[in-house]
Amino acid sequence: MSWERVYQLVTRIPRGRVATYGQLARALRLSGGARAVGYAMAACPGGRGIPWHRVVGANGCLLIAEPHAALQRRLLESEGVPLEAGKVSLERFGWSPARPPAARTRRRPAKRR
DNA sequence: CATCTGACGACCG
DNA sequence: GCGGTCGCCAGAT
């Protein structure tokens, strides 16, 4: 399969939200697992409006190397997705590919802090 | 056609 | 908590 599928899904990630490699991989049933998505993103073509910066590691951390990580961080923050200790709070900004939750901008599901 | 090269994540010691 | 191992795909040279 071509990576097109991955790109399509990534494009579906709403602004202000992020998805993890593993999550995308499972959503697409990629045999290669998260790795496959990683490979796909590495080959991600530019100039197509693919929000590649909305894809983060399983832990919500940025995986790519500098200087791209800095850019990703900047882009995310410009979308309202803050990085805490170098990581995105998947609890708050994680997006489910098949199950987009209602906008919980400030509503806490059961998590209290 | 053979090889190399990357944006992962789960598991184990 | 940290570092090493393993499974994996497609495109470029």
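Just so we're on the same page: letters track the sequence lines, and every chain starts at 1.
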Look only at the side chain of A:Tyr7 and the backbone of A:Ala40, and say whether a donor-acceptor pair between them is shorter than 3.5 Å.
-> yes
Would you kindly confirm whether A:Trp52 and A:Leu62 end up in one hydrophobic cluster when ILVMFWY residues are joined by side chain heavy atoms under 4.5 Å apart?
-> no
A:Arg26 CZ to B:dG9 P, in whole Å, measures 10 Å
Using a strict 4.0 Å threshold on nitrogen-to-oxygen distance, state whether A:Glu4 and A:Arg48 make a salt bridge.
-> yes
Write down the protein N/O and nucleotide N/O pairs, taken from nucleotides 2-8 of chain C, whose separation is under 3.5 Å; answer none if there are no such pairs.
{"from": "C:dG7", "atom 1": "O6", "to": "A:Arg35", "atom 2": "NH2", "distance (Å)": "2.8"}
{"from": "C:dG7", "atom 1": "N1", "to": "A:Arg35", "atom 2": "NE", "distance (Å)": "3.4"}
{"from": "C:dC8", "atom 1": "O2", "to": "A:Tyr39", "atom 2": "OH", "distance (Å)": "2.7"}

So does A:Arg17 pair up with A:Glu79, basic N to acidic O under 4.0 Å?
-> no
Donor-acceptor under 3.5 Å (A:Thr20 side chain, A:Gln23 main chain) = yes
Length of the line joining A:Arg5:CZ and C:dA10:P, which is rounded to integer Å = 12 Å
Which atoms form the tightest heavy-atom contact between A:Val55 and A:Gln72, and what is the distance?
-> O-NE2, 3.0 Å
With rounding to the nearest 0.5 Å, note down the distance linking CD in A:Glu77 to CG in A:Leu83.
-> 5.5 Å
With a 4.5 Å heavy-atom cut-off, do A:Leu90 and A:Val56 have their side chains touching?
-> yes
Check DNA chain B against residues 42-74 of chain A and give the residues with a non-hydrogen atom under 4.0 Å, in numerical order.
-> A:Ala42, A:Cys44, A:Trp52, A:Gly57, A:Ala58, A:Leu63, A:Ile64
Euclidean distance, atom CD of residue A:Gln23 to atom C1' of B:dA10 [Å, nearest integer] | 16 Å
Interatomic distance where CG belongs to A:Leu30 and C1' belongs to C:dA10 [whole Å] = 12 Å
